[in-house]
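These notes concern the structure reproduced below.
Since we're looking at a predicted model, the values are computed, not measured.
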Amino acid sequence: FHGHNDLGMATANTITALETGAHSASVTVNGLGERAGNAALEEVIMALKISGNNENGIHTARIMELCERVAVASKHPIPDNKPVTGKSAFLHESGIHCRALLNNRHTYEPFSADLVGRSVQEFVIGKHSGTASIKHILEKKGYIIDQSLALLLLQQLREFSNQKKGSCSVDDLMMLYKKVKMHEQSGT
């Protein structure tokens with residue numbers, strides 16, 4: 001089977017072809033190919049792996065390294081939103097997503113980042129964050145806060161993120177935390 005990605009369905013069509021009798025499939029690293037490209041090797045491998053339909057002996061922990069090498073050699077950087085290998089594939093900001101991920105990473109991640117040679121990502125901190133992720137990040141820094149302080153901090157974080165017109169760093173969150181704590185201690 002040889003599928004092009006003209007309609008964004010090359011990986012799905014390749015999986016379907018393999019599951020319905022195709023003996024082989026053409027794939028390319030990073031989906032490189034004519035027009036919109038071909039089925040991406042890394043997407044097909046991971047889709048087969050997590051579906052449980054194919055244990056092919058491929059060392060998936062080397063996928064990221066391979067895709068990065070091909071990106072450099074081809075002068076086609078990996079798009080941030082690329083499935084499996086894109087910079088944003090394992091980033092989460094939404095409060096509801098982060099809360100669920102704290103309980104079970106598989107809620108919004110069909111496989112762990114380390115399975116494809118990536119490091120586990122912390123949460124993006126910004127205007128869509130929720131109190132669970134703020135509490136989690138601060139706890140990792142050694143600060144335990146209650147829900148009322150988390151809500152106050154979340155309000156400050158959202159205002160700061162809107163002013164910044166983007167996400168915030170852990171240092172930004174710590175600065176806001178210290179500002180809120182000083183304000184709270186002064187009683188004003």
Side-chain angles (χ1 to χ4, degrees), residues 5 8-12 14-15 27-32 36-141 143 150 153-154 157-158 160-161 164-174 176:
N5 204 32
M9 296 171 48
T11 297
T14 300
I15 298 301
V27 294
T28 63
V29 175
N30 296 338
L32 295 177
N38 299 101
L41 168 75
E42 60 280 10
E43 294 173 24
V44 171
I45 288 170
M46 293 311 297
L48 289 171
K49 185 172 187 75
I50 65 173
S51 72
N53 290 337
N54 187 307
E55 194 52 53
N56 50 33
I58 293 174
H59 299 284
T60 59
R62 310 258 340 250
I63 286 175
M64 194 67 221
E65 177 186 350
L66 172 65
C67 291
E68 287 172 339
R69 283 183 182 213
V70 170
V72 169
S74 67
K75 296 184 174 83
H76 288 302
I78 300 169
D80 288 350
N81 65 341
K82 172 99 171 56
V84 180
T85 58
K87 179 180 165 185
S88 299
F90 294 93
L91 292 179
H92 305 275
E93 180 181 348
S94 165
I96 196 165
H97 280 220
C98 296
R99 179 183 280 286
L101 288 163
L102 286 168
N103 292 322
N104 182 348
R105 295 262 346 162
H106 292 293
T107 305
Y108 288 105
E109 294 178 357
F111 55 89
S112 62
D114 61 348
L115 195 57
V116 291
R118 306 209 28 203
S119 59
V120 175
Q121 301 290 311
E122 274 299 322
F123 304 126
V124 175
I125 307 166
K127 66 181 180 181
H128 300 294
S129 293
T131 57
S133 54
I134 289 172
K135 287 169 131 179
H136 171 75
I137 292 165
L138 287 173
E139 189 173 305
K140 287 184 86 170
K141 290 286 195 183
Y143 300 94
L153 188 54
L154 181 60
L157 176 67
R158 287 180 175 162
F160 186 76
S161 182
K164 192 175 180 180
K165 298 197 184 318
S167 60
C168 300
S169 67
V170 173
D171 289 340
D172 291 335
L173 180 60
M174 291 306 300
L176 291 170

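Note: T131 OG1 to L154 CG = 6.5 Å, rounded to the nearest 0.5 Å. The SG atom of C98 lies 6.0 Å from the CG atom of L101; values are rounded to the nearest 0.5 Å. In this structure, NE2 on H97 lies 12.5 Å from OG on S129, to the nearest 0.5 angstrom. Interatomic distance, OG of S167 versus CD1 of I125, reported as 8.0 Å (0.5 Å rounding). H128 contributes atom NE2, which lies 14.0 Å from atom CD1 of I96 (distance to the nearest 0.5 angstrom). Between the OH atom in Y143 and the CG atom in L173 there is a gap of 11.0 Å [rounded to 0.5 Å].
The heavy-atom pair separating A10 from T14 by the smallest distance is O-OG1, 2.7 Å. The minimum heavy-atom distance linking A89 with R118 is given by the pair CB-NH1, 3.8 Å. The two residues C67 and T85 make their nearest non-hydrogen contact at SG-CG2, 3.8 Å.
With sequence neighbours left out, the side-chain hydrogen bond (donor to acceptor under 3.5 Å, both in side chains) criterion links D114 to S112.
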Listed pairs under 3.5 Å, donor-acceptor, residues 73-84 side chains, sequence neighbours left out:
| from | atom 1 | to | atom 2 | distance (Å) |
| --- | --- | --- | --- | --- |
| S74 | OG | V70 | O | 2.7 |
| S74 | OG | A71 | O | 3.4 |
| S74 | OG | H76 | N | 3.3 |
| K82 | NZ | E42 | OE2 | 2.9 |
| K82 | NZ | E43 | OE2 | 2.6 |

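More than 12 heavy atoms of other residues, nucleotides or ligands lie within 6.0 Å of CE in M174, so this atom counts as buried by the packing criterion. Remark: R99 CZ is loosely packed, at most 12 non-hydrogen atoms of other residues, nucleotides or ligands lying under 6.0 Å away. In this structure, K164 places its NZ atom where more than 12 heavy-atom neighbours from other residues, nucleotides or ligands lie under 6.0 Å away.
Exactly one residue among T11, L66, N30 makes a side chain to side chain contact (heavy atoms under 4.5 Å, CB included) with L41. That residue is L66.
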